[in-house]
Each structure stands twice: as C-alpha cells, then as structure tokens.
Amino acid sequence: MDTPGASRLVRAVAQVLGRGEIVAGAGFLVAADLLVTCAHVVRAGGAAPGGRVQVVFPHVDGGRRLEGRVLAEAWRDPEGGDVAVIRLAGGAGGIEPLPLGSAEGCRGHHVRSFGFPGHAPADGHFGFAVAGDVLPATVSRGAHLQLTAANDLTTGFSGGPVMDEVTGLVVGMLTEITAPDVYDRGQGIAYVTPVQVLREAWPALAVQDVHPYRGLEPFTAEHAHWFEGRQDAVEQVLANLARQRVTLLLGPSGSGKSSLIQAGVLPALEQGAFAGSDTWLPVLTRPRQDLLAELERAGLTGAGSDGIGAAVTRMLAAHPTRRRVLLVVDQFEEHLTQPGADRGPQLRRAAVERITAAMDSSAELGLLLVMRDDFYPRLAAVAPELLEAATPGLLNVPATLSHHDLHAIVTRPADAAGARFEHGLPEQIVADVLATTPHGPTVRRAPVTVLPLLELALSQLWERRTDGHLTHDTYRRIGGVTGSLTMWCDTALDRLSSQQRAVAQRILTSLVRSADPRRNIPATRAQVPLQELRELAADVREEPTGARNIDDVIAALTHHRIITTYTPVVSLVRGAPSAAPVAELIHDALIRDWGTLRNWVAQDHRFQEWLSHARDRSVRWTASKDPGDLLAGTALAEGLEWSQRRRLPSSIAAFLAASRQRQQAAIRRSRRLNAVLATLLVLALIAAGGAVWQWRTVNDERQEAVSRHLAAVSGSLAEENPDLASLLAVHAYRTSPTAESAAMMEAAADLPLRRL
C-alpha cells in the first residue's frame, strides 16, 4: 500500500557520509535546518559531538550535498539514547521536513522506512514492518518501539525514519536490528527510537497528532481521506457542476457545506469525477470583510479592477495544463452581512456586479456559491440579479443523513487511523444521533444539522482514547452527542476565574451579530478586530491597556477552539495600507446549540443592537462627515447610558463624543436664540407700551381740549339757553374732567330750571 507521504519521505532522507565517501547510515530532515540520525551512525562516519559531517539527499536535485555540525547539546551516546542532531549550514531549502507523531497507539500498523543497505541501489530503497508495542525505558536504554516482520530492514537503515502508513507521521528512528539466534529465532525484529525520546534530546521538535475527526472545524483537502458518509451529497454537487456554469449551493448552518466542498467535491474533481474535471483549476475563497480583495488574494489578480473574467483568463494563461477555473466562494452569506470597517453598500454592489458580469463573460469559468439557506431572502433583497442568474443551478444540501451515512461517519475514520471502538459503541452513538428528533429512530434518518455535535463528540472521544480504543466510559463522561458541545464549552469557562468569566461573556457576545427579523437576517458570527474586541471586553472601571486578563481569556478561548483569530487580506482594490487581525466564533453551531451563549446573547441583545446601529452610522459619518449621520435623540441618550456601563470601542466612543458635542452645540445655539427672542420680545413689549402711552397721552390731550371747548360753549349759552348750557357742561365733564368743565358743572347747577 502506498501512502500520501511516500514521496516526501524519500526526499527528506539523507545519506550520512564517512571517510572515503562511504555511506555510514541514514538521517532525516525534521526542521528546515535540522537532520536527525543515530549517534552510532555519526561515529561510524568518523565524526563526534561538535564536529562536521557531510550529508547527501540523493533524491533532491540529483543529489544535493550539504555540510552540518553535530550539536553537542543534543548528543546521546550510542550506549545510551543513541541520538544525534545535525544542524545543516544554510538549511535545506526546498526540502519539506517530515511530520512527527507519537508512537503510542500505532500497534498493528504497517510502517515503512527508507535506507541505504549495501545490497540495494545506491540511492536507497524502502523497507517495511509492522509496529508492536513501546518497550519501557530501563537503566541501560531508553524506551523503544518494537517492530516485527522487519525482514526488509537491514544494515544501512540505521538512522532512517519510521513512518506509520496509517497516519502518514514519522513515529521514530530505526536504531537496532536483531540477529537471529542459533535456532533462527528473532528474525525480522527491529527496534525504533520513538519520537518521544528524540524530543527529550531536542525538545524543540514539533509533534503532530492524528485527527480523523474535526470537531467544529471543516474538513479540508488535507483531511479528505477522513471524510466519510457524504457520498450522495458529493455526487449531487458534481452532477450540477457538470451541467451548470453556476451552482448556488444552499444548506442550513451546521450541514457541513464547507467540508462537503473542500474534502469531497474538490478532491473528486481533481481525480476526474467526470470528463475533463481534472483539468479544472479550483480557486477557493471566502468573502470575509472584502470579497474583491479575497479574490485577488486567491490568485485572481485584477478581479477588482479589470473584472473576474479577465482575471480568470490571466490565471489560465499562467497554468497551461488547466482548461477551466472553478471559483468557489464559501460562506457567501458573509458578503451579505459584513459591513467592514470602511465599506458601504457601494462596495458590496460592486462585488455582486463583478460576479454577475463574470457569469455572462466568455471566460472559461465555473462558479460555485456556498451559502446558508436562511440567507436566501437577504440574497433576493440585496442582489436579485445575481440570484436570477444563479437560480437554474440552485441546489440544496440533502437535509438528512441515513443510518448508513451516520455509521460511516462514526466508524470509518477511526478504522483508517488504526483505532478501535468498544463493542456496541458505534451503534450507541448512531442511536443517540437518531434520537435527536422525534421520528429519527423510526425513519432511521437524522437532520444533517446534527453534524457539528456528532463531530465534536467523536473528536473528544478520539482525544481521550486509551491505548487506541474509544470507550463507552469516555463517551458517557463527555456527555454523549447532545451534551458534548455544552460540556466542552462550559469546561473551558470553568477553568476561568469569576473575573475572567465576565470578560469571556463580553468577548463571546461581541462575536455574535444579533438577528434582525425585519430584514430576515438570522443571528450569525461576527468578525471583530482584535483591538476592538479587547476594548469591548474591558470593564468600564478599568483602563483598556491595564486589563491583562483579556489577552489571557482570548488565548484560553482560542486554545479551546471556541474562537479563532486571523488576519484578513488587505484590500488591493483600494490600496489599503494594512489589515488588523480579527476574531470570530469557530462555528455558528455555538450560537444555536450552546445554552450559556444563547442566554448571554439574549441578555446583551439591547447593547449589541445599539452598538450595531452606532457602528453603521459611525462608518457613514467617518466617510462623509455629514452631521446628519451623528446620533441624536433616543439613540444618543441610550449611547450615553451604555457608556457609563460598558467599555465602548475607541472609534464608537469618539463617534458618541462627536454626537454629544453636536447636541450640546445645538442646545447652546437654542439657548442663544431663545435669549435673543426674549430680548426682542421685551423690546417689542416696551415699544408697544410706549406707543400705547403716547396714544393715550395724545387722546387725553384731545379729550381735554374738547372738554374745554364744550365748557366754553356752555358758558356762552348760560343766559340764553340754560338747559342746553347745563347739558353741554355735563358732556364736557364726562369727556374730560378738566377744571373748566368742573367749573361749568357747578355754574350749571345754579342756573334756574326752565318751566314749560
């Protein structure tokens, strides 16, 4: 059986030369500039600790020769550990170091090595054996892995790597070959110095582990040989790609869409799933915060400036053996929801227009858009022309998994990795998965959305395996399928102090974009810059730079694979100078299935809703400086209240301060205007009062003049017509009680009455 690492194994094995260019043994590359071999091989080559040694890689560049120094600090005498580490001058550029793994749990696995025995071709050949148990260390020697059926391993293999054919990892270095006794017993037995012992000599050696189950992380092409139980779904996508230029693959969160494409569809295309598919050049990307920039990063140079069609033509010209580009945009829903730090609807529309135009171009291009099905209404609202063009190729991920699919997902990766389940455990796991829905046990099918829980449970089982066995007891301790996610996440929180737990709550809720029912947007993961996340996680009573707990909590959540961090691509289209690292939840399943996080998100909903609104307004204000984008009224009052209770990102705090300054300026302007209006009103009242007073003065003077005139007339008529004189005297007094009218009133009273 060949292994994926066989060609890498051959390239990384070197001949250790002695006097007269005689091959003293083998060695293998474990780092860019480090070669590991046996101490007795170095000594046979005439070198010693601190000395120089010549090595040749016979399968690199026709035989690349390098010189190295034997590191005295890593030397273990042949009579002891028998380990030597050689540092190569200038490194071994272009040669890939071999991945190292533990020898524990490889019992019964077929292994292979590569060496240079005298009876083989000068450039070496393979040797094969079967791994046994690791023998414990004794006073005279360290731990050793015993091999059986090792007849191929003879003199000349010493110092060579021993690769586990199941895992593809090097589990140790060939050290001893036994000689049969007089009865020919002991033939085919060899001993290997395990990687664990090599690391004791040089602790910096990196060791990998086999992970046939992926937990909440997607399967990629690297893990294709572990990807099981989805063959029907793979074939449906392949059939669609063969017929349609554009495929829109929809599926619920947790249905394994990314794994289906990366570990199922793309490897099948490369292997010639249908005529000509092995000439397709896949370009896999994800929108993140800038889809056009991610396309350029993936190799479609000029996709933003010249269009995707032109970029595809250039890429094919650079790969003459390829006939077609398959552009895969995974998690396309991110493009419909992520606002980014400096982008607006215009940029989102530009990317959609580029994709739509590419569909109609003459470029040799296939397009596969992978999206959560609950974002379908959002796609229809934001990009109806794109949806219309993609509708003929619309395909839904199968909604359920059969009993057969589930059994394959559970058992085959472990079988391929050489591990074993306790009797009845796979059946118990499958039964528990079927029981997650009321009719599951009856119809023997489970919803595809159970995959994250199942993979996480299997991953925890694998990590807790005992001597290569996955047990019922461990399965119970992790909480089974339904309890594994809660137990896994809550265990991470339980390791934090109460203060750190509060920080974790603020971190995790900040990484959830709340649902927006008005726009048919469900709750989903948010990508938050790390610096902004640190500010949001800080206690409002502390200085952000002084909260040392925050980085510790982020590190703990990252180590436990609850969150992940990465640096997004710089936008080449706009020539942005740099990109800040961001964080996000490892999977949407955490939002849906982790009760603690669901409760926290519900408690924090009002703050996150306000923050999202403020962030959108802040982006617009930063771009245009339009005062109309600043907060006012209830939104401003709510923000000022939150600023007393929560630490805000510096950009939002500055935006809130600008909004408050604008409000205060408006209040000051209003007060000044009111003061001016009040002054004008007073002046107007004074002016009006003066006018009334003046009018009344004039009127009084006029009335007095009339009164005096009437009094004078009354006096002239006193003798001729006393009655009329009396009437005029009364009227004069009533018009104005002047001295003249009063005197005439008294005179009229003395006049005799006229009798008829």
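Side-chain atoms are counted along with the backbone in the values below, which use heavy atoms only and exclude waters and symmetry mates.
Within the 4.5 Å cutoff, no side-chain heavy atoms of Ser113 are placed close to those of Val111. Side chains of Leu174 and Leu147 form a contact here, defined as non-hydrogen atoms less than 4.5 Å apart. In this structure, Asp152 and Phe126 have side chains that are not in contact, with every pair of non-hydrogen atoms separated by 4.5 Å or more. Residues Leu198 and Leu100 form no side-chain contact, since every pair of their non-hydrogen atoms from C-beta on lies 4.5 Å or further apart. Using a 4.5 Å heavy-atom threshold, the side chains of Arg230 and Leu451 count as touching. Under the 4.5 Å side-chain criterion, counting only non-hydrogen atoms from C-beta, Gln460 is not in contact with Thr474. Between Val370 and Gln331, the closest side-chain pair of non-hydrogen atoms is not below 4.5 Å. Proximity of Leu454 to Ile429: side-chain heavy atoms (C-beta onward) are separated by under 4.5 Å at one or more points.
Smallest separation of non-hydrogen atoms from Pro218 and Ser259: CA-OG, 3.4 Å. Summarising the geometry of Phe28 relative to Gly159, their closest heavy-atom pair is CD2-O, 3.4 Å, with the distance given to 0.1 Å. Shown here for Pro99 and Gly168, the closest heavy-atom pair between the two residues is CG-O, 3.8 Å. Closest non-hydrogen pair, Asp33 versus Gly91, comes out as CB-CA, 3.8 Å. Between Asp164 and Cys106, the closest heavy-atom pair is OD2-CB, 3.4 Å. Annotation for Thr411 and Phe421: closest pair CA-CE1, 3.9 Å, computed over non-hydrogen atoms.
Ion pairing of Arg87 with Glu73 is absent here, as no side-chain N (NZ or NE/NH1/NH2) approaches a carboxylate O to less than 4.0 Å. Between Lys257 and Asp330, no side-chain nitrogen of the basic residue sits less than 4.0 Å from a carboxylate oxygen of the acidic one, so the salt-bridge criterion is not met. Ion pair Glu296/Arg314 not flagged as a salt bridge, since none of the NZ, NE, NH1 or NH2 atoms sits closer than 4.0 Å to an Asp/Glu carboxylate oxygen. A salt bridge links Glu165 with Arg112: the closest approach of a Lys/Arg side-chain nitrogen to an acidic carboxylate oxygen falls below 4.0 angstrom.
A donor-acceptor pair under 3.5 Å links the side-chain atoms of His59 to the main chain of Asp123, judged by distance alone. A donor-acceptor contact shorter than 3.5 Å links the side chain of His560 to the backbone of Trp488. No donor-acceptor distance shorter than 3.5 angstrom exists from the side chain of Glu270 to the backbone of Pro282, with no hydrogens or angles considered. The backbone N or O of Ala408 lies less than 3.5 Å from no partner atom in the side chain of Glu228, so there is not a single donor-acceptor pair. Side chain of Tyr213 to backbone of Trp226: no donor-acceptor contact under 3.5 angstrom is found. When atom types are taken as modelled, the side chain of Ser459 and the backbone of Arg214 share no donor-acceptor pair closer than 3.5 angstrom. Judged purely by atom type and a 3.5 angstrom limit, Arg107 has no side-chain atom pairing as donor or acceptor with the backbone of Glu104. A distance-only check finds a donor-acceptor pair linking the side chain of Asp82 to the backbone of Ala39 [under 3.5 Å]. Checked by atom type and distance alone, the side chain of Gln527 never pairs as donor or acceptor with a backbone atom of Glu584 at under 3.5 Å. Distance alone, capped at 3.5 Å, places no donor-acceptor pair between the Arg65 side chain and the Phe57 backbone.
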Does Val16 form a side-chain contact (heavy atoms from CB on, under 4.5 Å) with Val53? I'd like the steps, not just the answer. CA-CA 7 Å; Val16 179; Val53 66; 3.8 Å; yes

Test side-chain contact (heavy atoms from CB on, under 4.5 Å) applied to Thr471 and Leu425, step by step: CA-CA 7 Å; Thr471 65; Leu425 181 54; 5.6 Å; no

Under the criterion side-chain contact (heavy atoms from CB on, under 4.5 Å), I'd like the reasoning laid out for Leu269 against Leu241: C-alpha separation, chi angles, the key distance, then a yes or no. CA-CA 10 Å; Leu269 290 173; Leu241 291 174; 4.1 Å; yes

Stepwise side-chain contact (heavy atoms from CB on, under 4.5 Å) check, Trp75 with Val42: CA-CA 10 Å; Trp75 178 266; Val42 171; 3.9 Å; yes

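Counted within 6.0 Å of NE2 on His423, heavy atoms from surrounding residues, nucleotides or ligands total 12 or fewer; the atom is thus considered open. No more than 12 heavy atoms of other residues, nucleotides or ligands lie within 6.0 Å of CD in Glu222, so this atom counts as exposed by the packing criterion.
Put simply, CZ on Arg76 and CD on Glu200 are 8.0 Å apart, with the number rounded to the nearest 0.5 Å. Of the inter-residue distances, the one linking Thr564 atom OG1 with His587 atom NE2 reads 13.0 Å to the nearest 0.5 angstrom. Within the model, atoms CG of Leu300 and CD of Glu294 stand 12.0 Å from one another, a figure rounded to the nearest 0.5 Å. Interatomic distance, CG of Leu153 versus CD1 of Ile189, reported as 12.0 Å (0.5 Å rounding). Leu88 CG to Ile95 CD1: the interatomic distance, rounded to the nearest 0.5 Å, is 8.5 Å. From Asn549, atom CG reaches atom CG of Leu496 across 9.0 Å, with rounding to the nearest 0.5 Å.
In this model, a donor atom of one side chain and an acceptor atom of the other lie less than 3.5 Å apart for Thr220 and His223.
Less than 6.0 angstrom separates the ring centroid of Phe157 from the ring centroid of His125.
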